2 protein chains.
Amino acid sequence: MDMEKGPLERAAAEEYASWFKALADATRIQIVSLLARRRTPMSVGEIVAASGVGQSTVSHHLKILADVRFVLVERQGTSSLYRINEACVSCFPTAADVVMGNPVPAPPTCE
Amino acid sequence: MDMEKGPLERAAAEEYASWFKALADATRIQIVSLLARRRTPMSVGEIVAASGVGQSTVSHHLKILADVRFVLVERQGTSSLYRINEACVSCFPTAADVVMGNPVPAPPTCE
DNA sequence: TTGCTTCATCGACTATCGTCGATTATCGAT
DNA sequence: ATCGATAATCGACGATAGTCGATGAAGCAA
């Protein structure tokens, strides 16, 4: 394998970036930390009430977080219950992973 | 202290986000990993040659990384030598930090 | 069925971001 | 002082992303 020349392959760099992009927004950070505080799943309405942004905006961010498997959804009746994905939290790449050229964790791509 | 109601304070969320934003771009990931591979400082010209994007673009990204203290600069003659900041790499927040509401590391704000 | 509630999706607007080419500033050497 | 090399800054462009209001879709109850 050619790992001597140049930087990371572009593809690997993009995959890494897609991880960090998921947490590169203040609203998403709030949503994630909110879901973590309440250990129990939350409906979209609850998240909207607690986060102070519009319902469509929350839905949008939840979709982004769900695409990366950072949160998990479970439809219950007329409402969607979201909870954070502990497994995804622990496999989230660190800066050291990037710097050491470790293989990129899988979840973001397995959408 | 009020840590029961609502999500993270907006300010803390923004500081967290500013960390992740720094690595939320494939080109910056490449630059960082490139600087880490070569243990020795690199000039902008070398980084340009290895990263395949324009000189002004590289300079722009280096500035972003330097603002967050992720890389350190040292002017030497007519060229600027960049190297990664190991200290900043190790204090880079993890997803677990966000989820557990840990205090945001300092460097990004100390610009 | 008709309503009501909850959420996802759509369309539009704005702001931010990444990229480039060109210009400017700084340093060294002649 | 002038020239050449290196890198930072500027201005502009296109693309992406965050937000909102409005609309649409799915479920439940009457």
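Since the model is a prediction, treat every value here as computed from it, not as a measurement. Order of the sequence lines fixes the chain letters, A, B, ..., with proteins taken first and strands second; residue numbering starts at 1 for each chain.
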Colleague: For A/Gln76 and for A/Gly54, find the nucleotide of DNA chain D with the closest heavy atom, then tell me which residue's nucleotide is more 5'.
Modeller: A/Gly54
Colleague: Assign each of A/Ile64 and B/Thr57 to its nearest nucleotide of DNA chain D by heavy atoms, then name whichever residue's nucleotide is nearer the 5' end.
Modeller: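 The residue mapped nearer the 5' terminus is B/Thr57.
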Colleague: Figure out the CD/C1' separation between A/Gln30 and D/dT19, and round it to whole Å.
Modeller: 14 Å
Colleague: Can you tell me the distance, in whole Å, between the CD atom of A/Gln55 and the P atom of D/dC20?
Modeller: 11 Å
Colleague: Let me know the distance between CZ of A/Phe20 and P of C/dC17, rounded to the nearest Å.
Modeller: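 Rounded to the whole Å, the gap is 18 Å.
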Colleague: Between A/Phe70 and A/Val89, what is the shortest heavy-atom contact and its length?
Modeller: CE2-CG2, 4.0 Å
Colleague: C/dA8, OP1 or OP2 - any side-chain N/O from A/Ser80 closer than 4.0 Å?
Modeller: yes
Colleague: Is it true that the side chains of B/Glu46 and B/Ser43 contain a donor and an acceptor less than 3.5 Å apart?
Modeller: yes
Colleague: Do the side-chain N or O atoms of B/Ser43 get closer than 4.0 angstrom to the phosphate oxygens (OP1, OP2) of D/dA7?
Modeller: yes
Colleague: Which whole-number value in Å describes the distance from A/Asp67 CG to D/dT16 P?
Modeller: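 In whole Å, D/dT16 P lies 17 Å from A/Asp67 CG.
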Colleague: Just to confirm, is there a sub-4.0 Å distance from OP1 or OP2 of C/dT6 to any side-chain nitrogen or oxygen of A/Tyr82?
Modeller: no
Colleague: Closest nucleotide of DNA chain C for A/Ser56 versus for A/Thr78: which of these residues is on the 5' side?
Modeller: A/Thr78
Colleague: Rounded to whole Å, please give me the gap between NE2 in B/His60 and P in D/dA12.
Modeller: 17 Å
Colleague: For the pair made of CD in B/Glu74 and C1' in D/dA7, what is the distance, rounded to whole Å?
Modeller: 15 Å
Colleague: Counting any heavy atom closer than 4.0 Å, what does A/His61 reach on the DNA or RNA strands: base, sugar-phosphate only, or nothing?
Modeller: sugar-phosphate
Colleague: Output the rounded distance in Å from CD1 (A/Ile31) to P (C/dC7).
Modeller: 13 Å
Colleague: I need the CD-C1' distance between A/Glu46 and C/dT5, as an integer number of Å.
Modeller: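 Going from A/Glu46 (CD) to C/dT5 (C1'), I get 14 Å.
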Colleague: Looking at B/Ser59, does any N or O in its side chain come under 4.0 Å of the phosphate oxygens OP1/OP2 on D/dA8?
Modeller: yes
Colleague: Within less than 4.0 Å of OP1 or OP2 of D/dG18, is there a side-chain N or O belonging to A/Arg28?
Modeller: yes
Colleague: Identify which one of B/Glu14, B/Glu9, B/Arg10 satisfies the side-chain hydrogen bond (donor to acceptor under 3.5 Å, both in side chains) criterion when paired with A/Gln30.
Modeller: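 Result: among B/Glu14, B/Glu9, B/Arg10, B/Arg10 is the only option passing the side-chain hydrogen bond (donor to acceptor under 3.5 Å, both in side chains) with A/Gln30.
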Colleague: Between D/dT19, D/dA17, C/dT9, which nucleotide gets closest to the side-chain atoms of B/Arg10?
Modeller: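 Minimum distance to the B/Arg10 side chain belongs to D/dT19.
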Colleague: Is there a side-chain contact between B/Leu65 and B/Tyr82 in this structure, where contact means two heavy atoms from C-beta onward sitting under 4.5 Å apart?
Modeller: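 No - every pair of side-chain heavy atoms lies 4.5 Å or more apart.
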Colleague: Give the minimum heavy-atom separation between B/Cys91 and B/Trp19, together with the two atoms involved.
Modeller: SG-CH2, 3.7 Å
Colleague: Taking any heavy-atom pair under 4.0 Å as a contact, classify A/Val53: base, sugar-phosphate, or nothing.
Modeller: sugar-phosphate
Colleague: Which of the following nucleotides, C/dT6, D/dA7, C/dC17, is nearest to the side chain of A/Ser79?
Modeller: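 Closest of the options to the side chain of A/Ser79: C/dT6.
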